[in-house]
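Written out below as C-alpha cells is the structure these notes cover.
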Amino acid sequence: MSELPHTAFSLRRVGALTSNTLRELTRLRVFYVLLLFALLLIGSSFFLARMTFQQEFQVLKDISLGAINILTSVLAIVATARLLPQEIEDRTIYTILAKPVHRGEYMLGKLAGVLLLLAITTLLMSALFLAVLYVREHTVLAETARQMRAAPPDHLEEALRNVRASAFNLNLLPGIAIIFLKAALLAALTLFVSTFATSNIFAVVVMVFVYFIGHLEGTAREYWQQEHGTGWIASTFLGLVALLFPDLQLFNLVDDVVAGTPILPALFAKTAALGGFYVTLYFLLAWAVFYRREL
Amino acid sequence: MIRGLLILSILLVTGLAKIPVEAAISAEHRREHFRAVEFGLGLREQVGQLGFIAALSGFRALVADFVFIQAHVAWERTEWGRVLLLFRQVTTLQPRAILFWDMAAWHMAWNASVAAMNDPAQPRLALRLRAQREYFDLGRDFLERGIRNNPEKPQLYEALGRLYRDKYHDHAHAAEYFEQAAALPDAPSYDRRFAAYELSYCAGREQEAYERLHRLYQSGERERLPTLLKRLKFLEEQLHVPLAERIPDQLPADTPKR
C-alpha cells in the first residue's frame, strides 16, 4: 500500500478536523438554540394575532431576525471559546498535534468547524422564519381577497400589493448573510482570544466586553477623528478603541432592512469584504499566537 | 512578551488601515439611510438604560418592537398620554419604519382625538374641542417628522393628505399631499384621483380641478369611478361647461358598477 507524501498543508487534514469539530459541537446539543428560536416564534405569534397584518409582519421579522442575530452571536462566542481551553484541559490536543498536523491546519479546522456550525444554524433558523412568514403571507392574502371582494379592482390590487410588500422581500437575504458575517467575525475573534485565554470562561467574559465595545467603536472613532477638544487621556483611549476593535455596528443592517431600506449590492460587497478581512486577520493573529505557544 | 508586542503592533497598524475603510462604509450607510438613529442622551432618557444598552448592542428593532407592543397595550387601555410617549420612543428608535409613524399619527388624530371629544370628565365643549385639536396636531407632527425621515416613500404623504381631508377639512393641503404622494415611485394609482377630488372642493380652483378630473376621465375606463363622475358632473355645472363638451349622463355599458 503506497502512502501519500506528507505535505505542509493538506485540505484533507483540515477537512477531517472541521468535521470532527462540527461533530463535537453537535454533541453538545447546540442545536437546542433552534428549539429556543421556534419557541420564540410560536410564543410571539400569540401576541401578533392581535395586530394588523402590517404590524404582525414587521414585528415577526424584527423578532425573528433579532433572535437569529443574538443566537448566532452567542453561539459563535460560546462554541469557539471552549474549543482550545477545553482540548488543552482534556489533553486531546496532544494526541492531535503529536500526529503530523500543523498548528495552522489545526486552527483552520477548528475555525472552519465553528463557521460550518454557524452556517447550518443560520440556514435552519432562516428557513424556519421564512416558512412561517410564507404561511402567514398566504393566509393574509386569502383573507384580504375575501374581505375586499366588493372593492374596486385597483383598491384590491393595492391591498394585495401592500400585503406582499409587508411580508417577504429579497433584501432579507443579504441582511441574514450579514448576520452570519458578524457571527463569523465574532468566532474568529474568540478563537484569537482563546489562544491566550487560560479558561473558556475568561474567553467568554473578554468577548462579552469586546462585543459591547465593538458596538461603540464607531462612536469612539467619530469622536476621535473629530477631536472634540477632549484631553489627551480621553483622546488616546478613544484612539485605542478605534484602532483595536472592529466596528460591529457596520454589521447591524437588518433593523433597517426590515423597515424597507434595501442593501445595495456594492454596499453588501464592501461589508462582506470587511467581514472577510476581519475573519482572516483574527485567524492569522490566532495562528501567530498559537504557533509558538507552550502546551 | 516580544510576541505580544508584535501582535499589538500588528493590530494597531491594521487598525490604522481599517479606520478610513470603516469610516467610508459608515458614511455610505448614512447616505443609504441605514443607522439613522443618533445614540445620544436624548435617546437614553427616552428608552431607559436597559433599552439604550440593547439598542446600542444591535437590537434596536427588538427594543422598538417591545416598546411598540407596550404602546399597543396602552392603546387597548386608552391611556393616551402613555401611547404618545411610547410612540415617540418607537419612532425615535426606528425612524425608517413607515408603519410606526403611520400608527402613531392614527392613534393621535383618530383615536385619541375622538376620546378627547367624548371625554365625560370634561363638561366644557370648548376645552374638549381644544383637546381634540391638539391631538390632530400631534398626529400631523408625527406624519411631518415621518416624511422628513422617509421623503422617498408615498405612504406618509398619503396619510397626511387623509388627515387634512378628514380631520382639518383642509382640502387644499389634502390635495397638495395626495399630489406629492402620487409623484413618488410605487404610489398607488388612486393618489392622483384623490388629489383631483380634493382640489374639486377648493373654492377658486374649480377650473384646475375640472381639467385634472377630465384628464383622468379620458385616460380610460379604469379611472371612471362613481366619485370621479360625480365630481366631474358637479364641476361641469359650476363652470357652465357647454353641453357638447360634457361627459355623458348615462354610464357606458362597460363601466364597472361599484
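Naming convention: chains lettered A, B, ... in sequence-line order (proteins, then strands); numbering from 1 in each chain.
With respect to chain B, the highest number of heavy-atom pairs below 4.5 Å among A:L240, A:I70, A:V258, A:V257 belongs to A:I70. When each of A:D247, A:L250, A:T271 is scored by its heavy-atom pairs under 4.5 Å with chain B, the top score falls to A:L250. Chain A forms more heavy-atom pairs under 4.5 Å with one residue of B:G4, B:A17, B:A61, B:S26 than with any other, namely B:A61. Contact count versus chain A (heavy atoms, under 4.5 Å) is highest, among B:A23, B:S189, B:A24, for B:A23. Ranking B:L8, B:L11, B:I19 against chain A, the residue ahead of the rest is B:I19, based on heavy-atom pairs under 4.5 Å.
A:I263 touches chain B through backbone and side chain together, each having a heavy atom under 4.5 Å away. Interface residue A:Q58: backbone and side-chain heavy atoms are both found under 4.5 Å from chain B. Only the side chain of A:L216 comes within less than 4.5 Å of a heavy atom of chain B; its backbone N, CA, C and O stay farther away. With a 4.5 angstrom heavy-atom cutoff, A:V289 touches chain B via backbone and side-chain atoms both. If you measure heavy-atom distances from A:F277 to chain B, the contacts under 4.5 Å come from the side chain alone. A:L274 touches chain B through its side chain: at least one heavy atom from C-beta onward sits under 4.5 Å away, while N, CA, C and O do not. For a residue to count as touching a neighbouring chain, one of its non-hydrogen atoms must lie under 4.5 Å from one of that chain's; by this rule A:F251 does not touch chain B. Heavy atoms of A:L264 lying under 4.5 Å from chain B belong exclusively to its side chain. Residue A:L281 touches chain B through its side chain alone, counting heavy-atom pairs closer than 4.5 Å.
For B:E22 (side chain) and A:P246 (main-chain N/O), no donor-acceptor pair under 3.5 Å exists by modelled atom type. Here the side chain of B:K18 pairs a donor or acceptor atom with the backbone of A:A242 at under 3.5 angstrom.
By the 4.0 Å N-to-carboxylate-O rule, A:D256 lies close enough to B:R60 to be salt-bridged with it.
Closest approach of A:L253 and B:H29 over heavy atoms only: CD2-CE1, 3.3 Å. Nearest approach of B:L62 to A:G66, heavy atoms of both residues: CD1-CA, 3.9 Å. The two residues A:I63 and B:D65 come nearest to each other via the heavy atoms N-OD2, 4.2 Å. Residues B:F59 and A:D255 come closest through the heavy atom pair C-OD2, 4.4 Å.
Taking a 6.0 Å sphere around CH2 of A:W287, one finds it holds 12 or fewer heavy atoms contributed by other residues, nucleotides or ligands. For B:F66, the CZ atom is loosely surrounded, since the number of other residues' heavy atoms within 6.0 Å does not exceed 12. Counted within 6.0 Å of CZ on B:R212, heavy atoms from surrounding residues, nucleotides or ligands total more than 12; the atom is thus considered enclosed.
Side-chain contact check for B:I7 versus A:F192: some heavy-atom pair is nearer than 4.5 Å.
The OG1 atom of B:T14 sits 7.0 Å away from the CG atom of A:L285 when rounded to the nearest 0.5 Å.
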